[in-house]
Asker: 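This is the structure I want to talk about, given as structure tokens.
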Amino acid sequence: MRLPPMLLVTLREDPAEAEIPSHKLLLRAGYIRRIASGVYAYLPLMWRVLQKVSQIVREEMNAAGAQECLLPQLQPAELWQESGRWETYTKAEGIMFALIDRQQREMGLGPTHEEVITAIARDMIRSYRQLPVNLYQIQTKFRDEIRPRFGLMRGREFIMKDAYSFDADEAGMKLTYQKMNQAYHNILRRSGLKFRAVDADSGAIGGSGSQEFMVLAEAGEDEILYTADGKYAANVEKAVSLPADAVPSPFTTAEKRETPGTDTIEKMCKFLQCSPTCVVKNVLYQAVYDNGMMVLVLVSIRGDQDVNEVKLQNELVKLAADYRATTVIALTVPDAAAQEKWAAKPLPLGYMAPDLADSYIKPPKPAPVEVKAAGGVVPKFLRLVDQTAVALQNFATGSDEAGYHVVGANWGQEFKLPDRVVDVRKATVGDRALHDASQTLQTARGIEIGHIFQLGTKYSQALGATYTNEQGEDRPLVMGCYGVGVSRLAQSAVEQAHDKDGIIWPVSIAPYHAIVVVPNVADAEQMQAAAQLYTELNQAGVETLLDDRNERAGVKFKDADLIGIPYRIVTGKSLKDGKVEVVNRATREMQELPLVYVVPTLQEWIAAAIAV
RNA sequence: CGGGAUGUAGCUCAGUUGGGUUGAGAGUUGCCGCUUUGGAAGCGGAAGGUCGUAGGUUCAAAUCCUACCAUCCCGACCA
């Protein structure tokens, strides 16, 4: 491609709308333009990058035995009602764009495709003889994100590869999952990214095991905990570890003590001269279930530990049936305004005890025993105790009276141990690892660009997707699903590799391999040599741009650096010796090559760079 | 949805505190001309703005008031 006919508009300054380097650079270099919040146009250079990424994904998926297809983005509400996700995905904090067509039918724009694919499987897969099947597509997804961010990192419209596998049984599904795991490693490696596969929470998608593929970058939204021996890596949401050992309690007898102005664990421990590991901290959450029911959750946990809200939410989802709900749609620490809505009297904040009285909650208006109406507040605290707090003896905790704590308390004596013992503690950097206590957790930040799930039969059962096994029995299909954020992956590459002058694309996903720059377009010899190189390179399969704009050399060098083409060929001063300069964008290394060597040399370099 | 901020030329921003013919302005991009030709060079010229939108206050509003809209940042969601 010659530069004049190609739409290339570069910006001299960072656009005000961008915050992180990759977003700034993609805008400055003319790869993307914002059309609305979280909605971007992929301009010609960007589209080539996305095609390159897609092609790598396609090759690896095909190699792993998956087949490409294309599913509808416009989807009927009925399918989502069948799976039970319509309400949670379109109402409240839901992320699905929903609309009503001219026949008053409810439709949604696909945020994901479990429902559609399962409906197809239900129709088409009848026999074990057809299994396993793994279908994938590369397509635009729509998600009405609560907060779109950072350009393509979190858009409301973005390109994703999603795959769905169907197996006869758990073992088959696990095998497919392993193949996908390998394919994902291949995809990321070939895309030239530094990454880590980590244990992950399954979130709203559901299912059992799942792994995320994290591209390592400071701007990443996720925290990863891992051990140096390489045997453990997990998203902090999912991570497990050994807590520090508790210090023996200095308290010997149970008593209430005046502790003025100690509404934080830190102040209290200083005042009482004890370790936070001798304290039972009681944290209040408010959870809203999908039927509108609000439940106040009191979590008792060891004072030095923090609650992992993802784990807590998972525990609450398990209890949903107790409240005639199916899932949790919001989980927050209630602020003053939120407390006012349900609190009968001011809470002893900072001094709450595990047995905080239920009378702090306003009784329901008509005062029925059970709250049935939507939006009701359950008039009893849901009391949970984290494992770390269970074994404590002679601990200190709140007294339910501001300015006073109880010390030397024990479960079963001063306080009743809550019935539900859970693991909701947050693993943190420095904790000892479970698999080997001599290993401590280290931290890194990552961008989640892939996630693979073992779904099991959640959707196939909901939608009645069954097959007949060898014994002639009907069995639900065992599913897996596997996503790659194609557009996010592309931006992550920029986040991971750039310098002050611009983008440094990995060769495998760069929009072009090489750019021929003519410093002086008035020099016929330079122009002739450049035109010839440009033609020969392209014919030889080296994807090449030609910049023969009537600009000063500096402008063209700056632009070439900014857009990040891996190899720059300059028909400059050494042309009189029959040589051109070839510059490596990443290393800045420059060498002069005789004209005839240019094509084979670049072919060799590119092949070497791509064959990782 | 809660909290914070912003909205003035294609882009980055002054001007708003204290309303006023001292000009709606600077840099940059794009356009024209000259000059220049190895890291966004120089000189000159012309062009480019419903000052986010709609009301209101006032003799007078980019500036004060109200509402709305949009965008960005911090939390919950996720590829």
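Note: hydrogens, waters and symmetry copies are ignored here, and every other heavy atom, side chains too, is used.
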Asker: Taking only the P atom of each, what is the distance from B/rU63 to B/rA46 in whole angstrom?
Answerer: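 Here B/rU63 and B/rA46 have their P atoms 30 Å from each other.
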Asker: Using atom names, set out every protein N or O paired with an N or O of nucleotides 73-75 of chain B below 3.5 Å, distance rounded to 0.1 Å.
Answerer:
from	atom 1	to	atom 2	distance (Å)
B/rC74	OP2	A/Arg147	NH1	2.8
B/rC74	OP2	A/Arg147	NH2	2.4
B/rC74	O5'	A/Arg147	NH2	3.3

Asker: Could you work out which one of B/rA40, B/rG27, B/rC72 sits closest to the side chain of A/Arg34?
Answerer: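 Looking only at heavy atoms from C-beta outward on A/Arg34, the closest nucleotide is B/rC72.
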Asker: A/Arg33 near the nucleic acid: base, sugar-phosphate alone, or nothing, with a heavy-atom cut-off under 4.0 Å?
Answerer: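 Nothing: the residue A/Arg33, judged by heavy atoms under 4.0 Å, touches no strand.
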Asker: Base, sugar-phosphate alone, or nothing: which one does A/Asp561 contact when heavy atoms must sit under 4.0 Å apart?
Answerer: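 Base contact.
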Asker: So, OP1 or OP2 of B/rC77: does either fall under 4.0 Å of a side-chain N or O from A/Gln313?
Answerer: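 For B/rC77, OP1/OP2 do have a side-chain N/O of A/Gln313 under 4.0 Å.
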Asker: Quick check on the 6.0 Å ring-centre criterion: do A/Tyr136 and A/His113 meet it?
Answerer: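 They do not qualify: ring centres at least 6.0 Å apart.
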Asker: May I ask you to establish whether A/Arg568 and A/Phe557 are in a cation-pi arrangement, using a distance under 6.0 Å from NZ or CZ to the six-membered ring centre and at most 45° from the ring axis?
Answerer: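 The answer is yes, since A/Arg568 meets both limits relative to A/Phe557.
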Asker: Walk me through it: do A/Ile503 and A/Leu26 pass the test side chain to side chain contact (heavy atoms under 4.5 Å, CB included)?
Answerer: CA-CA 8 Å; A/Ile503 298 168; A/Leu26 288 177; 4.0 Å; yes
Asker: Regarding A/Asp547 and A/Arg2, does a basic nitrogen lie under 4.0 Å from an acidic carboxylate oxygen?
Answerer: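 The answer is no: the pair does not qualify as a salt bridge.
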Asker: Base, sugar-phosphate alone, or nothing: which one does A/Pro111 contact when heavy atoms must sit under 4.0 Å apart?
Answerer: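 If one applies the 4.0 Å heavy-atom cut-off, A/Pro111 turns out to touch nothing in the nucleic acid.
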Asker: Which part of the nucleic acid does A/Asp162 contact within heavy-atom distance under 4.0 Å: base, sugar-phosphate only, or nothing?
Answerer: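 Result for A/Asp162 = nothing.
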Asker: When all nucleic acid strands are considered with a 4.0 Å heavy-atom cut-off, which category describes A/Gly155: base, sugar-phosphate, or nothing?
Answerer: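 It contacts base atoms.
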Asker: Of all the nucleotides listed (B/rA40, B/rC77, B/rG38), which has the minimum atom distance to the side chain of A/Arg154?
Answerer: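 Given the options B/rA40, B/rC77, B/rG38, the side chain of A/Arg154 is closest to B/rC77.
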Asker: Which residue pairs pass the salt bridge (charged side-chain N to carboxylate O under 4.0 Å, His left out) test when at least one of the two sits in residues 483-499 of chain A, sequence neighbours left out?
Answerer: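 For residues 483-499 of chain A, and leaving out neighbouring residues, the salt bridge (charged side-chain N to carboxylate O under 4.0 Å, His left out) pairs sorted by first residue read A/Asp499-A/Arg585, A/Asp499-A/Arg588.
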Asker: Would you indicate what A/Asn235 reaches in the nucleic acid, counting non-hydrogen atoms under 4.0 angstrom: base, sugar-phosphate, or nothing?
Answerer: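 The residue A/Asn235 makes no contact with any strand.
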Asker: Considering every strand and a 4.0 Å limit on heavy-atom distances, what is the contact class for A/Lys556: base, sugar-phosphate, or nothing?
Answerer: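 If one applies the 4.0 Å heavy-atom cut-off, A/Lys556 turns out to touch nothing in the nucleic acid.
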Asker: Under 4.0 Å between any heavy atoms, over every strand shown, what does A/Thr332 touch: base, sugar-phosphate, or nothing? Just pick one.
Answerer: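 No contact.
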Asker: Just to be sure I understand the rule, does A/Gly450 reach a base, reach only the sugar-phosphate, or reach nothing, if contact means heavy atoms closer than 4.0 Å?
Answerer: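 Sugar-phosphate, no base atom in range.
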Asker: What do you reckon, are the aromatic ring centroids of A/Trp505 and A/Tyr512 less than 6.0 Å apart?
Answerer: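 So the answer is no for these two rings.
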Asker: Any salt bridge (charged side-chain N to carboxylate O under 4.0 Å, His left out) involving residues 36-52 of chain A? Give me the pairs, sequence neighbours left out, ordered by first then second residue.
Answerer: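 Output for this query lists A/Arg48-A/Glu543, A/Lys52-A/Glu543.
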Asker: Tell which nucleotide pairs with B/rA70, taking only Watson-Crick or G-U wobble pairs whose two distances are both under 3.5 angstrom.
Answerer: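 Its partner is B/rU6 (Watson-Crick or G-U wobble, both distances under 3.5 Å).
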Asker: Would you indicate which nucleotide in B/rC77, B/rA79, B/rG39 comes nearest to any side-chain atom of A/Glu221?
Answerer: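 My answer, after comparing the listed nucleotides, is B/rC77.
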Asker: By side chain to side chain contact (heavy atoms under 4.5 Å, CB included), which residues pair with A/Gln73, not counting sequence neighbours?
Answerer: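 Side chain to side chain contact (heavy atoms under 4.5 Å, CB included) check on A/Gln73 returns A/Gln139, A/Thr140, A/Phe142.
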Asker: Counting only side-chain heavy atoms from C-beta out, which of B/rA40, B/rA79, B/rU12 sits nearest to A/Val555?
Answerer: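 Given the options B/rA40, B/rA79, B/rU12, the side chain of A/Val555 is closest to B/rA40.
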Asker: Does the structure show a Watson-Crick or G-U wobble partner for B/rU21, both distances under 3.5 Å? Name it, or say none.
Answerer: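 Its partner is none (no Watson-Crick or G-U wobble pair with both distances under 3.5 Å).
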Asker: Report yes if at least one side-chain N or O of A/Arg12 is closer than 4.0 Å to OP1 or OP2 of B/rU28; otherwise report no.
Answerer: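 No, no such contact exists.
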Asker: Got a list of protein N/O to nucleotides 35-37 of chain B N/O distances below 3.5 Å?
Answerer:
from	atom 1	to	atom 2	distance (Å)
B/rU36	O2	A/Arg552	NH1	3.3

Asker: Base, sugar-phosphate, or nothing: which does A/Arg28 touch, judged by heavy atoms less than 4.0 Å apart?
Answerer: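 Base contact.
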Asker: Of the listed nucleotides (B/rG38, B/rA79, B/rU71), which one gets closest to any side-chain atom of A/Phe557?
Answerer: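 Nucleotide nearest to A/Phe557's side chain: B/rG38.
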Asker: Could you run down the sub-3.5 Å N/O contacts of the protein with nucleotides 42-45 of chain B?
Answerer:
none

Asker: Hey, is the side chain of A/Thr10 poking within less than 4.0 Å of OP1 or OP2 on B/rA40, counting only N and O atoms?
Answerer: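 Indeed not, no polar side-chain atom of A/Thr10 lies that close.
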Asker: Would you say CD of A/Glu218 has more than 12 non-hydrogen atoms from neighbouring residues, nucleotides or ligands within 6.0 angstrom?
Answerer: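 No, not enclosed.
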